[in-house]
There are 2 protein chains.
Amino acid sequence: MSSNPSREKILAAAKKVAQAHGYSGLNFRDLAEDVGIKAASIYYYFPNKADLGAAVARRYWEDSAAVLEALLAKFSDPIHSLRHYPDTFREALENNNRLCLCSFMAAEYEDLPEPVKKEVQTFADVNVAWLSKVLSAANVVSSEETERRAQAIFAAVAGAQLIARSRSDISLYDALIESYRVAGLLPA
Amino acid sequence: MSSNPSREKILAAAKKVAQAHGYSGLNFRDLAEDVGIKAASIYYYFPNKADLGAAVARRYWEDSAAVLEALLAKFSDPIHSLRHYPDTFREALENNNRLCLCSFMAAEYEDLPEPVKKEVQTFADVNVAWLSKVLSAANVVSSEETERRAQAIFAAVAGAQLIARSRSDISLYDALIESYRVAGLLPA
DNA sequence: ACCTGAACACCGTTCAAGT
DNA sequence: ACCTGAACACCGTTCAAGT
């Protein structure tokens, strides 16, 4: 849990690269240059690429979980928190048209080392659990529909981000989310 | 338009690989082995990787367009064609848990050569145009909502496929599509 | 503790040259 | 027309050595 400066820099740089180019696009030489050390030095902090990838993905869902908890705490009415859920995915697009790390890794899934896969799953679990909790508290769907609706919202928002990124068009993302609201998938 | 056997074999093999590992996962040595020639021989048919990628993506949307036209022709009521739209994405999952070629390439967008990007765009255009046409004919949304709803359905279905693939769980795909119907995004 | 140069094994990409 | 050998560039990884 110590916050080593170089280790933190590596994680931050790797996160950016992975969001833009995926796990397969991560390479130690460019990463090292970004951080200001040599490629071989990364091995002092991470035993290999799989371990680095897993650490990046774990950090990613931990950060997401914290953002979502803050979003829940921010409003007394859970429906307001829910309305701001798509903002968390919008921010990646605002930030150099980046994709959710775990959406990219979902595409790459077949090629991921096992420990990385595990963290990608957890990202989905964290999102679906949060949505379930909030949907339930906001009472917008029947209790037997809650879990499925949570999964549907997560998948649809991830899809919107993916398509908007391929157009480099953040207004398309907004239009898609608005359309989900009009259709009834998200609360108006 | 001549149907050269080796060229066709290369395109078919490349399509499979790109759906599982993306454009960046396409490699000439494995591809050549699949086809039964040497890696360097692929360059006889395609000047470089960008050109091969563009040819694969173009073939992909051409095939999709044909499938969608057949789906439209199959039913007299357009609402029935629309109900079967998600089947086209389901088939990739059935087929060795593969992803839509253009969804993978949407993730990789930043790294794609220009001609490949163009074909990926066209895939989206073909799908949205078909959905718009069918939504319009089926009269399920107001005419001013048609285009946006078409985009929303395309993005949501792509997202469902992406998430289901990352779980290697085709029943999750079915549950997501069903949930879209319950929510009102897709016609029941 | 933290970092590096240099090397290794491997693999995708390219091109000049073969038949 | 169709194919290939061989070189090139790059990448993950290791390790002995430096501070």
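The figures that follow rest on heavy atoms only: side chains count, while hydrogens, waters and symmetry mates do not. In the text below, chain A, chain B and the rest are named by the order of the sequence lines, each starting its count at 1.
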Q.
Can you confirm whether Val17(B) sits close enough to Asp30(B) that some side-chain heavy atom of one is under 4.5 Å from a side-chain heavy atom of the other?
A. no
Q: Look at Lys49(B) and dG12(C) and indicate whether a side-chain polar atom (N or O) is within less than 4.0 Å of OP1 or OP2.
A: no
(Q) Need one value for Tyr43(B): base, sugar-phosphate or nothing, where a base atom within 4.0 Å counts as base even if backbone is also close, heavy atoms only. (A) base
(Q) Classify Ile42(A) by what it touches in the nucleic acid, base, sugar-phosphate, or nothing, heavy-atom distance under 4.0 Å. (A) nothing
Q: Measure the distance from CZ on Phe28(A) to P on dC3(C) and round it to the nearest whole Å.
A: 15 Å
**Q.** N/O donor-acceptor pair under 3.5 Å between Asn27(A) side chain and Arg29(A) backbone
**A.** yes
Q | Side-chain N or O of Tyr45(B) closer than 4.0 Å to phosphate OP1/OP2 of dA1(D) | A | no
Q) Which one of Val134(A), Leu186(A), Asn127(A) satisfies the side-chain contact (heavy atoms from CB on, under 4.5 Å) criterion with Ile153(A)? A) Leu186(A)
Q) Separation of Lys38(B) atom NZ from dC11(C) atom P, in whole Å? A) 14 Å
Q) With rounding to whole Å, what would you report as the distance between dA17(D) and dC2(C) at their C1' atoms? A) 13 Å
(Q) If the cut-off is 4.0 Å, is Ser6(B) near the phosphate of dC2(D), judged by side-chain N/O to OP1 or OP2? (A) no
Q: Round to the nearest Å and state the distance from Lys9(A) atom NZ to dC2(C) atom C1'.
A: 13 Å
**Q.** Nucleotide nearest Asn48(A) when distance is taken to its side chain, options dT4(D), dT13(D), dT14(C)
**A.** dT13(D)
**Q.** Asp34(B) and Lys16(B) ion-paired at < 4.0 Å
**A.** no
Q | 5' precedence on DNA chain D between Arg29(A) and Pro47(A) (nearest-nucleotide basis) | A | Arg29(A)
Q. Side-chain N or O of Ser41(A) less than 4.0 angstrom from OP1 or OP2 on dC2(C)?
A. no
Q. Rounding to a whole Å, what distance do you find between Ile37(B):CD1 and dA1(D):P?
A. 16 Å
Q) In the strands shown, is dA6(D) matched to any nucleotide by a Watson-Crick or G-U wobble pair with both distances under 3.5 Å, and which? A) dT14(C)
(Q) Among Trp61(B), Tyr85(B), Phe154(B), Phe123(B), which residue satisfies the ring pair (Phe, Tyr, Trp, His ring centres under 6.0 Å) criterion with Trp130(B)? (A) Tyr85(B)
Q: Hey, which sits more toward the 5' end of DNA chain C by its nearest nucleotide, Tyr44(A) or Ala39(B)?
A: Tyr44(A)
Q | Residue matched to dA1(C) through Watson-Crick or wobble contacts both under 3.5 angstrom | A | dT19(D)
Q. When you measure from the side chain of Asn27(A), which nucleotide among dC11(D), dT4(C), dT13(C) comes out closest?
A. dC11(D)
Q | Whole angstrom value for the distance that separates P of dT4(C) from CD of Glu33(A) | A | 12 Å
Q: Check the distance between dA1(C)'s C1' and Arg7(A)'s CZ and give it to me in whole angstrom.
A: 15 Å
Q) Over how many whole Å does the gap from Asp51(A) atom CG to dT13(D) atom C1' extend? A) 14 Å
